[in-house]
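Computation of the quantities below employed the complete heavy-atom set of this structure, encompassing side-chain atoms and omitting hydrogens, waters and symmetry-equivalent molecules. Model, not experiment: these values are computed from the prediction.
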Amino acid sequence: MATEMANMDPEGIDGVRMTWNVWPRTKVEASKCVIPIAASISPIRPNSEIPTLPYAPLRCKTCSVVLNPFCRVDFAALIWICPFCFQRNHFPHHYSGISDTNVPAELYPQYTTIQYSLNPNPSNPNSPTSPISPPPVYVFLLDTCVIEEELDFAKSALKQAIGLLPDNAMVGFVSFGTQVQVHELGFSDMSKVYVFRGSKELSKDQVLDQLGLGSVTGRRTGPGFPKAVQTGFPGSGVTRFLLPASECEYTLDSLLDELGTDQWPVTPGNRSLRCTGVALSVATGLLGACSPGTGGRIIALVGGPCTEGPGSIVSKDMSDPVRSHKDLDKDAAPYFRKAVQFYEELAKQLVSQGHVLDLFASALDQVGVAEMKVAIERTGGLVVLAESFGHSVFKDSFRRVFEEGEQSLGLSFKSGSSPACIEQVGDSCVMLAQSLFLFSSSLTICPKLSGTLEIHCSKDIKIQGIIGPCTSMEKKGPAVANTVIGQGNTTAWKMCGLDKSTCLTVFFDISSSEKSDPAGNINPQLYIQFLTSYQSSDGLMKLRVTTITRRWIDSAVGSEELVQGFDQETAAVVIARLTSYKMEMEEGFDATRWLDRNLIRLCSKFGDYRKDDPASFTLNPCFSLFPQFMFNLRRSQFVQVFNNSPDETAYFRMLLNRENVTNSAVMIQPSLISYSFNSLPAPALLDVASIAADRILLLDSYFSVVIFHGMTIAQWRNMGYQNQPEHQAFAQLLQAPRDDSQLIIRERFPTPRLVVCDQHGSQALMPTPLLSNLGNAMLPVAPYPRPPNKANPVSLRARFLLAKLNPSATYNNAHEMAAGMDVIFTDDVNLQVFIEHLQRLAVQSS
């Protein structure tokens, strides 16, 4: 049973997957592995097996590592030895009751991941006053430079979101068009608005002064201040603009009802004057009036490109197109660099305040996601890109941000409760935990309200950096590597926004020491500890500690141990993230050539072959799927940016960088399921050969879910056979992929686009009334139509599927295909040709 669970959940209790689960000991050997040593971690991934301890963690006095199951313990002397620095630490006297039969939960072998509740017990009279967790703050930004229909959709979504917020959540509202309007919700007698010019860049102090909040920033919380100040919201200051959801819901509903589209005149041939950058600056300054540590989110609903003031991405003249990838490559986008620089400064301000920027962009044109990417990603914000505020991609995704229950993202905060104690560990451990809690609750604990990640490593391991939604805290130490990837030069990172699905990629390096310890004290195990402090959805501060161990090997590359420790799915995702990073950071980077060279090197190192004999080439099963991942990565939207806008590319890459390995692998190599009368639903090859007239295909490419009906199935459906009692089997066949697609959509954020299409679309031929016994139903069978040609085009919706399939049948070899088989009109090489060239290059003597 344990093995089955491990197979179902490859990340396990730790939420960690590594490219190599056995590590070479030297830098030279590591470089020969081709694939970098990296870990994909989910810092607060929920798992019912992780216990929460109601007392403070015990740390090593030298390296600050938390007590964990890999520590050696001398129960007689009450000493534990840190496996990272080998420091001998004495247990505090309140651990005097431990023994080899009565150990604290943090020493249980199965609890390599454990949580600590950092909030003192308010029911203990000896405990100091529990720090009041300020309620979360939501500042909504609404773009009014849209048509009335779009504005109505956006206002409806906002009303629904406010109704889903906790009663104590603080809410602010800012609308913007040519100018920025900050609405004073606390003035209920009439609508009161503070207006900012959209063409002028504003500092935080200027924003606060104009709002009458200039003195707030100088205040500090302490015993001498009123209770309202200690909670982060001075009674006569910022609460004029931020009110609890329970108090401002009616006011905000009335305000939204009265709000209309931007009335600033737009000259024919010009774009609307939209000051997105200034609006975000004003909202950031407003949140800056809150006390430090108050969790806050700016949720921006944007319906078009910024054309006014800082952050502009295009001119007002519609004859000037919005920048494309070609413009960026040729440095012909005059607004791009300045806009990115503006958002970098905004990101620094948001990170210093501990606040998050979420972007919901709904427009047919670009809105500036590529420029805003730095602010969204460094603050850990959410991003959704849709065509309209009325589209299900926006509406369903926006609602999920505020929903509670199993489908919640974990962003909504509730009132705090007492810390949960460990369960199902054993009576003696529970008694020990209670005694440790009574002592530790008398300690002074001052947790930070912003999430942080800290990593400790064994002596010979260095950290190059992290790719994902976080910001470097520039904390130097011996574990910092000389080379930097992503957010580096540190061993600690700040995460302003963190949810249960957030994933980060950590890149490691091996120290350059070639010699073993001269004393002969070689530790065969390496250790890494991840410390994540965060505020949970119930308002409590928690510290999650994950300690993992892997084994060193001294043998040369190609050893069986190293091969068996390779995780090809994780490796593919890490390579995809690294490729996307290099394409953004390195000018003139040729991603396809770089991927090809690394794949050839990998196959040459780990393949089994005779020199210059491609037919003899074989790959170990641990590597056999990796070339196919690379084939699909080369064709994916992460590498081939043609036909995608810079906004779309930035959107795809942000989601690739923050999703777990399983979801990211689906982005690279979609999954395909086949439904037919003759068999149960089963995985199908991601190949054009999987298309058949009497088959339904379900494609999951993460960003879209496609239900593709074969031509015969579509004809039967159009004739209504599913509505006849004698053809219930056909009705069930049609319903099965729809039910499965809803399961996928329900669990995913952002909500993917659902596409339902038919083979050859509207060009399908009418059926001939023949009968065939398929399954339990007697259905008419239509002859196969001719393959699509210029007179019989492929439907636009069908291209969502065809673009992801291996083009094993194209117009070049259509004469070799069986009658009725689909072909794809492309000059791309297929997987078979790709593998043949790979084998030939991998076995070359040179």
Side-chain angles (χ1 to χ4, degrees), residues 143 271 274 276-277 280 300 302-308 310-347 357-379 381-388 393-394 467 469 486 576-592 633-658 667-668 701-704 750 753 803:
D143 181 1
R271 296 182 173 90
R274 182 182 284 106
T276 311
L280 290 172
V302 182
C306 177
T307 58
E308 181 82 346
S312 297
I313 68 167
V314 68
S315 70
K316 304 172 185 64
D317 190 348
M318 293 191 71
S319 63
D320 295 334
V322 184
R323 76 281 180 275
S324 64
H325 279 292
K326 190 174 182 180
D327 295 328
L328 296 179
D329 292 339
K330 293 183 175 180
D331 200 17
Y335 295 89
F336 183 76
R337 293 187 185 276
K338 190 174 181 180
V340 170
Q341 185 179 4
F342 167 76
Y343 285 112
E344 283 180 346
E345 294 301 317
L346 187 68
L357 171 60
D358 299 324
L359 177 66
F360 291 83
S362 297
L364 293 174
D365 201 355
Q366 300 184 69
V367 301
V369 177
E371 286 83 357
M372 286 186 264
K373 178 178 182 289
V374 60
I376 299 169
E377 199 160 45
R378 289 187 186 175
T379 61
L382 306 174
V383 58
V384 175
L385 193 60
E387 297 173 358
S388 164
V393 172
F394 165 76
I467 291 179
R577 292 170 178 170
L578 184 58
T579 303
S580 297
Y581 171 75
K582 286 179 172 288
M583 290 181 72
E584 290 181 354
M585 303 303 296
E586 298 181 13
E587 190 173 351
F589 178 73
D590 190 337
T592 302
L633 175 60
R634 293 167 79 253
R635 304 175 69 229
S636 72
Q637 64 269 39
F638 306 112
V639 175
Q640 302 298 333
V641 297
F642 175 76
N643 208 31
N644 285 325
S645 68
D647 275 14
E648 289 174 313
T649 300
Y651 174 64
F652 295 144
R653 289 174 178 172
M654 276 192 281
L655 291 179
L656 174 71
N657 290 343
R658 69 173 294 133
M667 297 181 198
I668 299 167
S701 63
Y702 189 86
F703 302 102
S704 59
R753 175 199 300 267

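The aromatic rings of F638 and F652 sit perpendicular, their planes meeting at an angle over 60°, well past the 30° parallel limit.
With no hydrogens or angles considered, a side-chain donor-acceptor pair links R323 and Q366 at under 3.5 Å.
Heavy atoms only, all atoms of each residue included: P646 and S324 are closest at CG-C, 3.7 Å. When all heavy atoms of S319 and P321 are compared, the closest pair comes out as O-CD, 3.4 Å. Contact detail for A300 and L280: the closest heavy-atom pair is CB-CD2, 4.2 Å. Heavy-atom minimum distance, A363 versus G303: CB-O, 3.4 Å. Taking all atoms of both residues into account, the shortest heavy-atom contact from G381 to D358 is CA-OD1, 3.3 Å. The heavy-atom pair separating V369 from A361 by the smallest distance is CG2-CB, 4.3 Å.
Rounded to the nearest 0.5 Å, atoms OH (Y581) and CG (L656) are 15.0 Å apart. Distance check, rounded to the nearest 0.5 Å: CG of L385 to CZ of F360 gives 11.5 Å. Note that the CD1 atom of I313 and the OG1 atom of T276 stand 8.0 Å from one another [nearest 0.5 Å]. For the atom pair CE (M372) and OH (Y343), the distance works out to 4.5 Å, reported to the nearest 0.5 Å. From D365, atom CG reaches atom CD of E387 across 12.5 Å, with rounding to the nearest 0.5 Å. From R271, atom CZ reaches atom OG1 of T307 across 8.0 Å, with rounding to the nearest 0.5 Å.
Proximity of a side-chain donor or acceptor of S580 to a complementary backbone N or O of R577 within less than 3.5 Å is not detected. In this structure, S636 contributes its side chain and I668 its backbone to no donor-acceptor pair below 3.5 Å. No donor-acceptor pair under 3.5 Å is formed between the side chain of D327 and the backbone N or O of A333. Looking only at distances, a side-chain donor or acceptor of D647 sits under 3.5 Å from a matching main-chain atom of A370. Judged by distance alone, with hydrogens and angles left aside, the side-chain atoms of S701 form no donor-acceptor pair with the main-chain N or O of M667 at under 3.5 Å.
The side chain to side chain contact (heavy atoms under 4.5 Å, CB included) search around E377 returns K373, M654, N657, not counting sequence neighbours. Every residue two or more places apart in sequence or in another chain was checked for a ring-ring contact (aromatic ring centres under 6.0 Å, His included) with Y702, and none qualifies. With sequence neighbours excluded, the residues that form a side chain to side chain contact (heavy atoms under 4.5 Å, CB included) with D320 are S315, D317. K582 meets the salt bridge (Lys or Arg N to Asp or Glu O under 4.0 Å) test with E586; sequence neighbours excluded. Residues satisfying the side chain to side chain contact (heavy atoms under 4.5 Å, CB included) criterion with A591, sequence neighbours excluded, are T579, M583, F589, V639.
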Could you list the donor-acceptor pairs under 3.5 angstrom formed by side chains in residues 335-342, with sequence neighbours left out?
residue	atom	partner	partner atom	Å
R337	NE	D331	OD1	3.4

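At least one side-chain heavy atom of T649 sits under 4.5 Å from a side-chain heavy atom of H325. Side-chain contact check for Y651 versus P750: some heavy-atom pair is nearer than 4.5 Å. Side-chain contact between T592 and Q640 is present, with heavy atoms from C-beta onward closer than 4.5 Å.
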(message) Please determine whether side-chain contact (heavy atoms from CB on, under 4.5 Å) holds for the pair L359 and V384, giving the CA-CA distance in whole Å, both sets of side-chain angles, and the decisive distance to 0.1 Å.
(response) CA-CA 6 Å; L359 177 66; V384 175; over 6 Å; no

